[in-house]
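In what follows, chains carry the letters A, B, and so on, assigned in the order in which the sequence lines appear, proteins first and then strands, with residues in each chain numbered from 1.
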There are 2 protein chains.
Amino acid sequence: MAPRVSEEHLQRRRADILNAATNVFMEKGYENTTMKHIMEAAGVSRGGLYQYFANKEDLFEALLEEGLHEEATNIEQLMKSSDSHWGLLMEMMFGKSRNPDAKMDPLAASKLEFFITGRNDDRRRAYGQKRYKLGVRLYADVIKAGQDAGEFSDRHDHELLAKSIITFIDGLALDDAILPEDEVQIEKQSKLFVEYLKMALEVQEI
Amino acid sequence: MAPRVSEEHLQRRRADILNAATNVFMEKGYENTTMKHIMEAAGVSRGGLYQYFANKEDLFEALLEEGLHEEATNIEQLMKSSDSHWGLLMEMMFGKSRNPDAKMDPLAASKLEFFITGRNDDRRRAYGQKRYKLGVRLYADVIKAGQDAGEFSDRHDHELLAKSIITFIDGLALDDAILPEDEVQIEKQSKLFVEYLKMALEVQEI
DNA sequence: TTGTAAAACGACACCGGTGTCGGTATAATG
DNA sequence: CATTATACCGACACCGGTGTCGTTTTACAA
């Protein structure tokens, strides 16, 4: 028999739930939100919610996948439009491409929470590692390309530089999540780090 | 009336509990350990444990305070023995002074967990901020002293540099906690960061 | 309009963790 | 040795979150 509701409706409902969940996670973080919170935010019953996601972990991972996909296509765009490897790198690190005003991934804190609390769970750990590797790859490839093109110095290993970038971003996200707005001085720290990166890569351009 | 057991005994018992708790937290992390786990590890009953600590949060904070105190006296020692500000800085960042073989604070991951999951709790947040400020102060003071002594360049703001150091350490601790041993390349990243720091401070010495 | 598959509902039982409390064991004191 | 304050014990009641399941509603097809 044909399905009772259209495929489109299912997708839409699912998207609505994920959307509502995003807001809740942003506000409460991962550990402190319950399925009930999400139900209420999405305006759906317990049973309704569980029809789409078997548990909170699954739901959050769906959210992660969604973000990853979005980011991937975003970077793909950037790679075509950007003129220099340095410019591309900067866009990747600080790009407001996705959210014009957001200075940082609004779910960053929850993601850290998700991975750090689940660091003893094999599944979570493996998934985190997969994402990390992907991130490293992304940056490393760009740096390598820049080095091959002669735009960057190859004094340093591109992969190590990529990892350093990610460590910096993670550290900044962490401190930003924990501490009050003005305390961390994100912009200034970023500026300093960029200056350093420029030195390490021996970038000529401004 | 006189107390039923000696003050020393109470201190000892408390210390035993904290000690056992440290092991549990190291293994399971903050969120995933329960009071029951700690009871069992310490070989004490439920009631016995609650005599010393009202809840897990209190207990963990006691642990934090202990570590802080230890570190403070440690640094005090260092400041007397070290010959250069640069050497002192290196000792502060990577000093094995406390634990000869440990390459990192074994509770680092649990601490991150503690603060990130509690980032919406006013109490926790304030406490985290207090600790952050103290850390910044510690590094900033040394850098400032080095600058005043002419050993470091004062091209950069000492406080900003201090914050950058902490962000780096936090980021590294985070990635180390989440990812497998060899993935993050802690040593290499550290080496790179130190090289950068040396440049930023225009340190002459090897 | 009617039949029907499945989407949506919400009451329910379950579970693990928490903090309490009345009782018991024990160590200091006279 | 007897007394007594209190450290220590563990059973218990409580609570919030989870996932299930029988029921109801709904959207689509015939």
Report the nucleotide, chosen from [options], that has the shortest atom-to-atom distance to any side-chain atom of [X].
X      : options                   : value
Y50(A) : dG19(D), dT18(C), dC8(D)  : dG19(D)
T34(B) : dG17(D), dG19(D), dG17(C) : dG17(C)
S45(B) : dG19(C), dT18(D), dG10(D) : dG10(D)

Length of the line joining [X]:[atom1] and [N]:[atom2], which is rounded to integer Å:
X      : N       : atom1 : atom2 : answer
K56(A) : dG16(D) : NZ    : P     : 16 Å
R12(B) : dA7(D)  : CZ    : P     : 17 Å
L49(B) : dC8(D)  : CG    : P     : 11 Å
E40(A) : dG10(C) : CD    : C1'   : 13 Å
R13(A) : dT26(D) : CZ    : P     : 12 Å

- Item | side-chain N/O Q51(A) vs dA7(C) OP1/OP2, d < 4.0 Å |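 Indeed, a polar side-chain atom of Q51(A) lies that close.
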- Can a side chain N or O of R46(B) be found less than 4.0 Å away from OP1 or OP2 on dC8(D)? no
- Query: Is it true that E195(A) and K191(A) have a side-chain N and a carboxylate O under 4.0 angstrom from each other?
  - Reply: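 Not counted as a salt bridge, because no side-chain N and carboxylate O are separated by less than 4.0 Å.
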- Message: So, using salt bridge (Lys or Arg N to Asp or Glu O under 4.0 Å) as the criterion, who are the partners of D148(A) when residues are at least two apart?
- Response: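 If we apply the salt bridge (Lys or Arg N to Asp or Glu O under 4.0 Å) test to D148(A), skipping adjacent residues, the hits are K144(A).
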- Message: As a quick check of understanding, evaluate ring pair (Phe, Tyr, Trp, His ring centres under 6.0 Å) for F168(A) and F168(B), giving each step before the final call.
- Response: CA-CA 6 Å; F168(A) 168 73; F168(B) 168 73; 9.8 Å; no
- Base, sugar-phosphate, or nothing: which does Y52(A) touch, judged by heavy atoms less than 4.0 Å apart? sugar-phosphate
- Side-chain contact, heavy-atom cut-off 4.5 Å: I166(B) with K163(B)? no
